[in-house]
Amino acid sequence: MSMQCHEVDYEIFGSDLQIVEIILDPGESVVAEAGSMNYMEDGIRFEARMGDGSRPDDGFMGKLFKAGKRMLSGESLFMTHFTNDGRGQKRVAFAAPYPGKIIAIDMSKIGGTITCQKDSFLCAALGTEVTMAFNKRLGSGFFGGEGFILQQLSGDGMAFVHAGGTVIKKKLQGETLRVDTGCIVAFTGDIDYSIEKAGNLKSMVLGGEGLFLATLSGHGTVLLQSLPFSRLADRVLAHAPSAGGSSRGEGSVLGGLGDMFGDS
């Protein structure tokens, strides 16, 4: 069977603040979330389109319906398509807006489908379908805390997702894993997921681990991140005076008093 997705090459640079260069042959395209592009070479044309372009024969209403499901997950109605209209290979680069790792996934080697946290998708070869992942417990997608809304990527080409901090890979062989919802990046295979309350009321209110945990079980691979962006943002806001936070530095007992002796 012929390949549905464009067969793009790539190269990832950096160790923590990573960037991925997609190498496009003439006529090849890559789709990406709006605002993730860093740079591109002359000869690459880009345009915002409704949907991911995986089904070019869909009519306007079909594209609108698919794009509407993306809007339910908080994503833009449009995705950006980058196409090599020049001669020879051309490069376009993408990066996530916060520190972490970029994970390259060959969809043809994992069964053609992966489920990921909505904020983790970065870009993919044209032909990859990006949709909201519904599950039999609809509330799992909306009330899981920390923006636990899932997307499903389907195709047979390369897709790239982003994780905050360090990436941890867990292989489940019928086991069950309970995870903070914000720490999930993606999972493959026959994984069943649900959202459960994090213990009793005291633990939920005073434990500091959030109100919900995700329970993953079955057979497949789970990718986790050590630093969800929500945690990083909460810590920054807690120490930002302009947002009502404390100006006290880490480990400091002086707080604002120390500013009296600083440079004015």
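Residue numbers run from 1 in the order of the sequence given.
- Distance check, rounded to the nearest 0.5 Å: OH of Tyr10 to CG of Asp106 gives 8.0 Å.
- When all heavy atoms of Lys90 and Arg87 are compared, the closest pair comes out as CE-O, 3.4 Å.
- If you take CD1 on Ile22 and CD on Glu28, they are separated by 10.5 Å, rounding to the nearest 0.5 Å.
- Partner of Val20 under the side-chain contact (heavy atoms from CB on, under 4.5 Å) criterion, out of Ile103, Leu122, Val92: Leu122 alone.
- Gln89 contributes no side-chain N or O that, together with a main-chain N or O of Ile23, makes up a donor-acceptor pair within less than 3.5 Å.
- Between Thr113 and Gln152 there is a side-chain heavy-atom pair separated by less than 4.5 Å.
- For the atom pair CD of Glu129 and CD of Gln151, the computed distance is 11.5 Å after rounding to the nearest 0.5 Å.
- Considering CD of Glu33 and NE2 of His162, their distance stands at 13.5 Å, rounded to 0.5 Å.
- At a threshold of 4.5 Å between non-hydrogen side-chain atoms, the residues Thr80 and Met37 do not count as touching.
- Each of Val8, Thr128, Val30 was compared with Cys123 under the side-chain contact (heavy atoms from CB on, under 4.5 Å) criterion, and only Val30 meets it.
- Shortest non-hydrogen contact noted between Met40 and Ile44 is SD-CG2, 3.8 Å.
- A donor-acceptor distance shorter than 3.5 angstrom exists from the side chain of Asp156 to the backbone of Cys5, with no hydrogens or angles considered.
- Across every non-hydrogen atom of Tyr98 and Gly164, the tightest pair is CE1-CA, 3.8 Å.
- Between the CD atom in Glu175 and the NZ atom in Lys170 there is a gap of 10.0 Å [rounded to 0.5 Å].
- Atom CZ of Arg45 sits about 4.5 Å away from atom OG1 of Thr83, to the nearest 0.5 Å.
- In the hydrophobic cluster analysis, where Ile, Leu, Val, Met, Phe, Trp and Tyr join through side-chain heavy atoms closer than 4.5 angstrom, Phe121 is grouped together with Ile110.
- Below 30°, between 30° and 60°, or above 60°: for Phe82 and Phe46 the angle between ring planes is below 30°, a parallel geometry.
- Closest non-hydrogen pair, Ile184 versus Gln117, comes out as O-NE2, 3.3 Å.
- A 4.5 Å side-chain heavy-atom check between Val167 and Val185 finds every atom pair outside the cut-off.
- Nearest heavy-atom pair across Gln225 and Gly182 is NE2-O, 2.8 Å.
- Ile102 and Ile12 get closest at one heavy-atom pair: O-CD1, 3.7 Å.
- By the 4.5 Å heavy-atom criterion applied to side chains, Ser154 and Thr131 are not counted as neighbours.
- Side chains of Tyr193 and Val222 form no contact here, defined as non-hydrogen atoms less than 4.5 Å apart.
- Ionic pairing of Glu21 and Arg91 is present here: one or more N-O contacts between side-chain nitrogen and carboxylate oxygen are shorter than 4.0 angstrom.
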Would you check, one step at a time, whether the test side chain to side chain contact (heavy atoms under 4.5 Å, CB included) holds for Leu177 with Leu224? CA-CA 11 Å; Leu177 189 66; Leu224 306 175; 4.3 Å; yes
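- Between Val161 and Ile114 the shortest side-chain heavy-atom distance does not fall below 4.5 Å.
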Test log, rule ring-ring contact (aromatic ring centres under 6.0 Å, His included), inputs Phe94 and Phe160: CA-CA 10 Å; Phe94 303 93; Phe160 301 87; 8.5 Å; no
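- With a 4.5 Å cut-off on side-chain heavy atoms, Ser29 and His6 count as touching.
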